[in-house]
Number of protein chains: 2
Amino acid sequence: MAETEHIDTRESLLDAAESLFSEHGIQAASLRAITQQAGANLAAVNYHFGSKDGLVRAVFSRRLKPLNEERIRLLEACDLENGREDGVEQVLNAFLAPLLRAVRATPEGTREFGRLMGRAFSEPNEDVRKMVSEEFAEAIRRFLDALARLLPSLSEQELLWRFHFAAGAMAHTVSCGYLLEKLSAGLCHASNGDEALEYLVSFLAAGLRAPAQQRRSSQGE
Amino acid sequence: MAETEHIDTRESLLDAAESLFSEHGIQAASLRAITQQAGANLAAVNYHFGSKDGLVRAVFSRRLKPLNEERIRLLEACDLENGREDGVEQVLNAFLAPLLRAVRATPEGTREFGRLMGRAFSEPNEDVRKMVSEEFAEAIRRFLDALARLLPSLSEQELLWRFHFAAGAMAHTVSCGYLLEKLSAGLCHASNGDEALEYLVSFLAAGLRAPAQQRRSSQGE
DNA sequence: GTCTATAGGGGGATAGAC
DNA sequence: GTCTATCCCCCTATAGAC
């Protein structure tokens with residue numbers, strides 16, 4: 001409140017929406033609250049984004065496009081061919097670091113994005129889920145390719161399951177840090193991206209490298 | 001619609017609420033829709049549960065109390081003292097199996113609970129998060145104790161982080177199965193609790209048993 | 001581009017009859 | 001215990017002045 005300078009209504013709206021979507025959920029954050037926090041008028045959202053759905057889409061893609069581009073850039077910078085033994089760790093780092101860095105508090109307002117991002121895949125609104133999935137699709141495809149080469153003993157099925165678990169651990173870390181802080185009585189610092197990254201990479205690398213399972217046939221369901 | 005027999009309004013309301021909370025989210029599921037699906041009157045919710053919040057609480061505790069009791073029962077049935085090497089797997093199985101079994105489609109309507117449960121810890125409503133955390137607190141404490149004895153080389157901090165990651169993989173599995181089904185083009189069956197359980201246990205056991213990290217001092221933040 | 005005003009639809013809760 | 005009717009709230013979207 002009482003901003004010194006008005007920079008850009010459109011950007012202010014995105015900042016306010018990101019913050020309120022994160023705090024209250026997409027559905028529960030009203031355009032009234034968003035426009036008020038942005039110092040803009042109620043009608044501004046419809047002018048700039050067409051509808052609330054348009055605003056939601058813009059909020060996500062503003063962050064996800066650069067995030068997934070950076071992931072791919074880091075993946076391509078990995079040194080995976082020269083007999084190094086830490087290929088899995090390198091790839092995990094390339095996937096996780098951009099998100100965990102983004103979650104860290106910054107002067108600009110990326111702060112709230114972690115909670116929103118962690119919830120995005122389980123949002124009740126199907127349009128939101130679909131939109132977010134599509135933003136990730138290309139990056140996920142590339143990372144799965146890289147992991148498949150690094151872990152040739154895994155069946156395609158098992159690799160997919162394990163990547164899914166890794167995504168879950170990551171999502172939980174960025175969206176439910178409060179649980180860890182409370183459970184550890186302050187011993188763990190969930191909002192510290194470096195701490196989270198080190199523990200996550202070693203944990204997930206070990207999980208990905210676990211011996212392949214021989215599944216007992218079970219055609220249940 | 002057109003139910004053959006009216007059994008119990010209270011239970012019908014819980015079933016309808018669980019189903020609609022799962023599908024649309026707690027906030028977006030209106031009491032009007034819930035009472036209509038339950039074949040009850042709008043005022044029935046206030047009569048039986050006092051308010052929408054009361055209904056939410058009842059929906060969660062109806063499932064979580066027996067779920068966590070079963071977890072503790074299974075944990076106490078584990079054989080951890082006789083030099084067996086699969087202690088971690090046994091403990092993980094005791095923690096995961098009750099939830100994954102509950103998520104499976106059943107005749108009665110437990111079907112929808114997985115999605116709701118997976119989202120519960122990141123619900124925007126703080127009262128819901130607090131309520132759900134408390135339902136899990138006792139079970140989590142016991143499982144952490146058991147794991148600490150099985151993995152004495154881990155610092156308390158690292159064990160907490162790893163348990164947190166495990167919870168995330170589990171939550172993602174029960175709430176975002178659609179992602180895996182789509183990503184695998186039908187190769188993986190996320191709704192098959194047995195398949196999920198086998199892959200989860202081996203993945204998480206390897207992650208928990210990974211060598212302890214030596215954290216470089218980093219007092220960032 | 002930005003505002004005010006309003007249309008038009010739902011929402012949770014409750015009073016009071018049965 | 002269950003119903004109807006209603007109070008009063010907030011929501012998104014849009015029309016039309018500036």
Side-chain angles (χ1 to χ4, degrees), chain A residues 1-60 62 116 123-128 131, chain B residues 1-60 62 116 119 123-129 131:
Chain A
M1 56 189 77
E3 296 168 82
T4 41
E5 189 80 13
H6 181 276
I7 308 199
D8 182 1
T9 299
R10 203 188 135 91
E11 212 66 17
S12 301
L13 286 170
L14 288 172
D15 290 340
E18 181 174 296
S19 155
L20 291 169
F21 287 164
S22 304
E23 187 167 357
H24 304 294
I26 292 173
Q27 143 93 23
S30 71
L31 295 185
R32 284 177 158 76
I34 291 167
T35 48
Q36 191 180 350
Q37 178 163 321
N41 187 271
L42 175 56
V45 167
N46 271 318
Y47 177 78
H48 286 286
F49 303 99
S51 66
K52 185 174 179 176
D53 273 1
L55 175 61
V56 172
R57 178 175 295 270
V59 165
F60 277 105
R62 176 174 68 149
L116 181 57
E123 275 290 328
N125 183 328
E126 189 182 341
D127 292 341
V128 173
M131 205 202 81
Chain B
M1 55 190 77
E3 295 168 84
T4 41
E5 189 80 15
H6 182 275
I7 308 198
D8 182 0
T9 299
R10 203 188 134 91
E11 212 66 18
S12 302
L13 286 171
L14 289 172
D15 290 339
E18 181 174 294
S19 155
L20 291 170
F21 287 165
S22 303
E23 189 168 355
H24 303 293
I26 293 173
Q27 143 94 24
S30 71
L31 295 185
R32 285 174 162 80
I34 291 167
T35 48
Q36 191 181 348
Q37 177 163 322
N41 186 271
L42 175 57
V45 168
N46 268 10
Y47 178 77
H48 285 286
F49 303 99
S51 66
K52 184 173 180 177
D53 272 2
L55 174 61
V56 172
R57 178 176 294 269
V59 164
F60 276 105
R62 175 174 70 149
L116 181 57
R119 273 201 304 254
E123 276 289 328
N125 182 328
E126 189 183 341
D127 291 341
V128 173
R129 292 202 305 270
M131 207 202 80

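Within every chain, numbering begins at 1; the chains are lettered A, B, ... in the order of the sequence lines, protein sequences first and strands thereafter.
- Closest non-hydrogen pair, B/Met131 versus B/Val56, comes out as CE-O, 4.5 Å.
- In this structure a side-chain-to-backbone donor-acceptor pair under 3.5 Å is present from A/Ser22 to A/Glu18.
- Residues passing the side-chain contact (heavy atoms from CB on, under 4.5 Å) test with A/Ala44, sequence neighbours excluded: A/Thr9, A/Leu13, A/Ala40, A/His48.
- Spacing between atom CZ of A/Phe49 and atom C1' of D/dA13 amounts to 16 Å, rounded to whole angstrom units.
- In this structure, the helix from C/dG1-D/dC18 to C/dC18-D/dG1 shows an angle of 0° between the axis at its start and the axis at its end, each fitted on 5 base pairs and rounded to 10°.
- More than 12 non-hydrogen atoms from other residues, nucleotides or ligands lie less than 6.0 angstrom from CZ of A/Arg62.
- Here A/Thr9 reaches the OP1 or OP2 of C/dT2: one of its side-chain N or O atoms lies under 4.0 Å away.
- Formation of a donor-acceptor pair under 3.5 Å by the A/Arg10 side chain with backbone atoms of A/Phe49 is not found in this model.
- The heavy-atom pair separating B/Ala29 from B/Ile34 by the smallest distance is O-CD1, 4.3 Å.
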(request) Summarise how protein sits on nucleotides 4-18 of chain C as a single string, 5' to 3': B when a protein heavy atom is under 4.0 Å from the base, S for sugar-phosphate-only contact, - for no contact. (result) B------BBBB----

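- One N or O on the side chain of A/Lys52 and one on the backbone of A/Ile26 form a donor-acceptor pair closer than 3.5 Å.
- A donor-acceptor contact shorter than 3.5 Å links the side chain of B/Arg129 to the backbone of B/Pro124.
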